[in-house]
Amino acid sequence: MSDEITLTLPDGSEKRVAAGTTPLQVAEQIGPRLAQAAVAAKLNGAVIGLGTPLQQGGEFSILTFKDPEGRDVYWHSAAHVMADAVVRLFPQAKPTIGPAIEEGFYYDFHMDRPFTDDDLARIEAEMQRIVAADEPFTCAYLSAAEARRRYEALGNEYKTELVADIVALENGLEPPRGREAIERFEAEHEREYEQVRVSIYDHGQFSDLCRGPHIPSTGRLKAFKLTSTSGAYWRGSEMNPMLQRIYGIAYPDQKLLDEYLERLEQARQRDHRKLGRELDLFSFHEEAGAGLPYYHPKGAMLRYLVTEFATREHLKRGYQLLRTPHLIKSDIWYISGHAQQGYPMYYTEIEGQSYGIKPMNCPGHILIYKTHKRSYRELPLRYFELGTVYRHERSGVLHGLLRVRGFTQDDAHIFCTPGQLNAEIIGVIDFADFMLRTFGFEHFQVYLSTRPEKSVGSDEQWEMATNALISALNEKGLEFDIDEGGGAFYGPKIDVKVRDAIGRMWQCATIQCDFTQPERFDVTYVGEDGQEHRPVMIHRVVLAGIERFLGIMIENYGGAFPVWLAPVQARVLPITDKQLDYAAEVTRTLRDAGFRVELDESSSTLGAKIRDAELQKLPYSLIVGAKEAEAGTVAVRHREQGDLGPVPLADFMARLAEENAPGK
RNA sequence: GCCGACGUAGCUCAGCUGGUAGAGCAGGGCACUUGUAAUGCCCAGGUCGUCCGUUCGAAUCGGAUCGUCGGCUCCA
């Protein structure tokens, strides 16, 4: 008697059901296991709740925790349950927003005090009760006016602000900001408030303004954990009040939660700050300043190997080496426009003149370009510098080598004609791809960042530059995401992020087009026509900050560097003192051949020497006892493969030489 | 910068509610001369981040400061 609708399932098959059937019922018809795993559904691209009656047919799928959208629904529901628990325990807490995030969820509360670890344990216990009660999530629609009255009664100004946002959004109006603006907005749009409908999701006694959808009931949350608390500004702005945030994670299975916690532990094990200490690579000194790293012999060697390789590869590609001072008169930064953006960040005075410590290398390279008249025949001109810059990072964001105040970039500026732009950008993309792969990264994500609000230059320039980047990406057949407004103030850019061994993404290479600096500094070249023209400038880094790159690299390799990057490639371990002479000879031979080798002269047992070499993650240990000394061999032990048996020293050298190649 | 937590020997950490510090590893010495992830014994090592307070008395309490750690628009 009721109308039927047709659902097209993901496998292409069609299913006819009565209009008004819920997705949960559909899932049950498909199979009980699916019904059990279901968290939400998708109809024609829109995520809907399992209890939403289907009124029309179309592309239909059941979402489980395995689907990214399903995961979001699951985590967002967990956030509601957490908010419920918090409000039960702390009636003074005002819920604000609580979204699902990449891994887990959070909820921000306006609170009279921060949450403590004890609070978290209590909140978790309360959540357990809510889950055990298996309360169904239900959805109701209210007029925005009604919702506003409710939240005003509760004294929750954050939610009334969100209601105002929804009303504004629905009517194509600018969302009001600030108490007064919101009150004015409410007064001026009473009619709209009556017309706009907002959804409210309830479970048990808890009710929250929410777009939804949610899982069918709280009992679906199986394994969860509240992971941390922190302060967080309302809407992320320092101008707004600080709220108290609680982070959590939830999974439909305890096993998955355990795996997540295991992943966190793995990340801790390969933390570059921990490895930096254990492998004696670098240190920071409270008495010498935050965010300023000190490289120990092994860390400095690692850094040397990286920069030496980078320099050679630049020279191969026609870049020329530059070196510019760290201190530059402040006037320069006004010409470049950096001063207006807050750069440089450290100043000093010399004989009454203001100088700034360079935060960027570009003006220096421009000065060198301008030392004589340039012909189009010289272009493209590629200037490369391992340029050390200093920037004031806020104390709260410093983080090991990944976020420092003084760092060296593999920085280059390419001056070229507009016609050469495309080929140059492609060249840089290829270069970056080669370099990052050589250092062991295989997965990349590319972003194109467009004009930010605070920017210089004309619309035409921005369009031209943006198009040049897009066409280069298209020519390389690279997929990319667009970061609207994420560009530098002087031009659009391409960013390349790499994925490390445990799945985290790190920003490395960036390629920035710049039509404005050449103008500001009046940079020119003489064209074929004998007239002066304006070159285009490309700012680009591949590894970006060397410090940061080392940090990423250390974590990616987990401290076990490949032979070509290992600060110490092999350690010679004599079994007894009687082999010390032979061991020293082996060490000398290897060093003469250019390998990085150490000799263990301690009087420890062999087992202890091996253990120490393993903990230092050295690629090879060469054990020499009486037999080896006699035969002129070394017993090779590999970091991962263990004992490989005795071989003539020459054979081992051949093996090491082969593995010593970049990228091996 | 803001919120919270933390700061004890080179490293990892113990030190209830205030009574002036302890372990393991690392380091030094001695013995052992060892065949693929820790030989034994002995020794030394800390103004408990720094400064100022409270107290008869502070590593323990309060404040400031420096530093470290986790966060600070993935938006109903």
Side-chain angles (χ1 to χ4, degrees), chain A residues 72 75-76 79-80 95-108 111 113-117 119 144 147 151 156 158-167 169-170 175 198-201 208-212 227-247 268 271 273-274 277-278 280 283-291 392-400 573-580 602-616 621-628 635-639 641-646:
Chain A
D72 280 357
W75 282 335
H76 184 52
H80 272 233
T96 67
I97 59 166
I101 54 178
E102 247 171 56
E103 277 213 302
F105 58 89
Y106 69 77
Y107 211 112
D108 284 347
M111 242 326 247
R113 66 167 179 83
F115 293 105
T116 65
D117 286 351
D119 293 337
Y151 285 114
N156 190 328
Y158 303 95
K159 292 290 185 185
T160 54
E161 182 171 333
L162 293 174
V163 171
D165 275 8
I166 299 166
V167 172
L169 193 70
E170 295 278 316
V198 302
S199 54
I200 301 278
Y201 277 79
D208 200 5
L209 175 73
C210 179
R211 178 165 44 199
T227 49
S228 64
T229 60
S230 82
Y233 299 105
W234 169 240
R235 292 182 185 280
S237 166
E238 295 164 40
M239 309 303 286
N240 292 333
M242 181 161 277
L243 308 171
Q244 297 304 323
R245 175 171 298 182
I246 303 176
Y247 285 93
R268 257 194 296 280
D271 189 311
R273 293 166 298 185
K274 179 175 148 71
R277 200 167 39 241
E278 291 173 355
D280 201 11
S283 57
F284 289 90
H285 298 272
E286 181 176 347
E287 62 272 39
H392 179 78
E393 297 291 346
R394 299 195 295 176
S395 57
V397 305
L398 297 175
H399 183 97
L573 315 182
I575 293 177
T576 77
D577 291 355
K578 295 196 179 65
Q579 289 85 47
L580 260 177
S602 71
S603 64
S604 316
T605 57
L606 179 62
K609 289 176 185 174
I610 287 173
R611 181 168 193 271
D612 189 55
E614 289 283 346
L615 290 176
Q616 287 294 306
S621 295
L622 303 178
I623 291 116
V624 295
K627 285 180 279 183
E628 286 77 15
V636 179
R637 183 189 164 94
H638 185 269
R639 179 170 57 193
Q641 296 156 22
D643 190 0
L644 300 179

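Naming convention: chains lettered A, B, ... in sequence-line order (proteins, then strands); numbering from 1 in each chain.
If you check every strand for non-hydrogen atoms under 4.0 Å, K627(A) touches a base. Among the atoms of the strands shown, only primed sugar atoms or phosphate atoms (P, OP1, OP2) are found under 4.0 Å from some heavy atom of H399(A). When heavy atoms are screened at a 4.0 angstrom cut-off, A635(A) is found touching base atoms of the nucleic acid. Backbone-only contact: G607(A) has heavy atoms under 4.0 Å from sugar-phosphate atoms and none from a base. E628(A) comes within contact range of at least one nucleobase, with a heavy-atom separation under 4.0 Å. Counting non-hydrogen atoms under 4.0 angstrom, L573(A) reaches nothing in the nucleic acid. Among the protein residues, R235(A) comes within range of the nucleic acid bases, having at least one heavy atom under 4.0 Å from a base atom. Among the heavy atoms of the strands lying under 4.0 Å from S603(A) is at least one base atom, whether or not backbone atoms are also near. Within 4.0 Å of T227(A), counting heavy atoms only, lies no atom of the nucleic acid at all. Using a 4.0 Å heavy-atom criterion, one finds that P99(A) contacts no nucleic acid atom at all. Across all strands, V198(A) comes closer than 4.0 Å to base atoms (heavy-atom distances). Using a 4.0 Å heavy-atom cutoff across all strands shown, A626(A) reaches at least one base atom of the nucleic acid.
Using a cutoff of 4.0 Å between basic side-chain nitrogens and carboxylate oxygens, D119(A) and R113(A) are scored as salt-bridged. Salt-bridge formation is not detected for the pair R277(A)/D271(A): no Lys NZ or Arg NE/NH1/NH2 atom is positioned less than 4.0 Å from an Asp or Glu carboxylate oxygen. A salt bridge is absent between D643(A) and R637(A): the closest approach of a Lys/Arg side-chain nitrogen to an acidic carboxylate oxygen does not fall below 4.0 angstrom. Salt bridge absent: K578(A) and E628(A) never bring a charged side-chain N and a carboxylate O closer than 4.0 Å.
Taking atom P on both C61(B) and A14(B), the two are 15 Å apart, rounded to the nearest angstrom. Atom name C1', nucleotides G19(B) and G15(B): the rounded distance is 14 Å, in whole Å. The separation of A21(B) from G45(B), taken at their P atoms, amounts to 14 Å, rounded to a whole angstrom. Atom C1' of A31(B) sits at a distance of 25 Å from the matching atom of A23(B), rounded to the whole Å. For C51(B) and A59(B), the C1' atoms lie 16 Å apart once the distance is rounded to whole Å. Taking atom P on both C6(B) and G49(B), the two are 13 Å apart, rounded to the nearest angstrom. Atom P of U47(B) sits at a distance of 26 Å from the matching atom of A64(B), rounded to the whole Å. Taking atom C1' in both G62(B) and C75(B), the straight-line distance is 40 Å, to the nearest Å.
The listed nucleotides are G35(B), C72(B), U34(B); the one nearest the side chain of T576(A) is U34(B). Closest to the K578(A) side chain, of the nucleotides U33(B), G7(B), G70(B), is U33(B). Distances were taken from every side-chain heavy atom of M242(A) (C-beta onward) to each of C3(B), A37(B), G70(B); the shortest belongs to C3(B). When each of C72(B), C69(B), C3(B) is scored by its nearest atom to the side-chain atoms of V397(A), the top-ranked nucleotide is C72(B). Comparing A37(B), G35(B), G71(B) against the side chain of I610(A) picks out A37(B) as the nearest. Checking C3(B), G35(B), G1(B) against the side-chain heavy atoms of Y233(A) singles out G1(B) as nearest. When distances are taken from the side chain of E286(A) to each of C66(B), C3(B), C74(B), the shortest belongs to C66(B). Distance from the side chain of R394(A) is smallest for G1(B) among the nucleotides U73(B), G1(B), G35(B). Proximity note for A290(A) (side chain, C-beta onward) versus C69(B), U68(B), G1(B): the nearest is U68(B).
Contact detail for R235(A) and E161(A): the closest heavy-atom pair is NE-OE2, 2.8 Å.
With rounding to whole Å, W234(A) atom CH2 is found 18 Å from G71(B) atom C1'. Distance, N240(A) CG to C75(B) C1': 13 Å, rounded to whole Å. Rounded to an integer number of Å, the gap from Q579(A) CD to U34(B) P is 9 Å. The CD1 atom of I623(A) sits 16 Å away from the P atom of U34(B) (whole-angstrom rounding). Nucleotide U73(B) holds its C1' atom 14 Å from the CD atom of E102(A), rounded to whole Å. Distance R611(A) CZ to A26(B) P: 8 Å, rounded to the nearest Å. Per the geometry, CG belonging to D108(A) stands 11 Å off P belonging to C74(B), to the nearest Å. In this structure, the CG atom of L398(A) is 14 Å from the P atom of C2(B), given to the nearest Å.
Checking V636(A) against H392(A), the closest nucleotide of RNA chain B that is more toward the 5' end is the one next to H392(A). Take the nearest nucleotide of RNA chain B for R277(A) and for I97(A): the residue whose nucleotide is more 5' is R277(A).
At a cut-off of 3.5 Å, with distance as the only test, a side-chain donor of Y247(A) or R245(A) sits close to an acceptor on the other residue. When only modelled atom types and interatomic distance are considered, N240(A) and Y158(A) share no side-chain donor-acceptor pair under 3.5 Å.
For the atom pair L209(A) CG and T160(A) OG1, the distance stands at 10.0 Å (nearest 0.5 Å). With rounding to the nearest 0.5 Å, the separation of CE in M242(A) from OG in S230(A) is 8.0 Å.
When both distances must be under 3.5 Å, the Watson-Crick or G-U wobble mate of G1(B) is C72(B). Base pairing annotation: G22(B) forms a Watson-Crick or G-U wobble pair with C13(B), both donor-acceptor distances under 3.5 Å. For C6(B), the paired nucleotide is G67(B), the pair qualifying as Watson-Crick or G-U wobble because both relevant distances are below 3.5 Å. Using the Watson-Crick or G-U wobble rule with both distances under 3.5 Å, A58(B) pairs with nothing in any strand shown. Across the strands present, G27(B) finds its partner in C43(B); the criterion is a Watson-Crick or G-U wobble pair with both atom distances under 3.5 angstrom.
Look at S395(A) and you'll find a side-chain N or O under 4.0 angstrom from OP1 or OP2 of G1(B). The side chain of T229(A) places no N or O atom within less than 4.0 Å of a non-bridging phosphate oxygen (OP1 or OP2) of G4(B). The phosphate of C3(B) has neither OP1 nor OP2 within less than 4.0 Å of any side-chain N or O from Y247(A).
No donor-acceptor pair under 3.5 Å is formed between the side chain of Q641(A) and the backbone N or O of H638(A).
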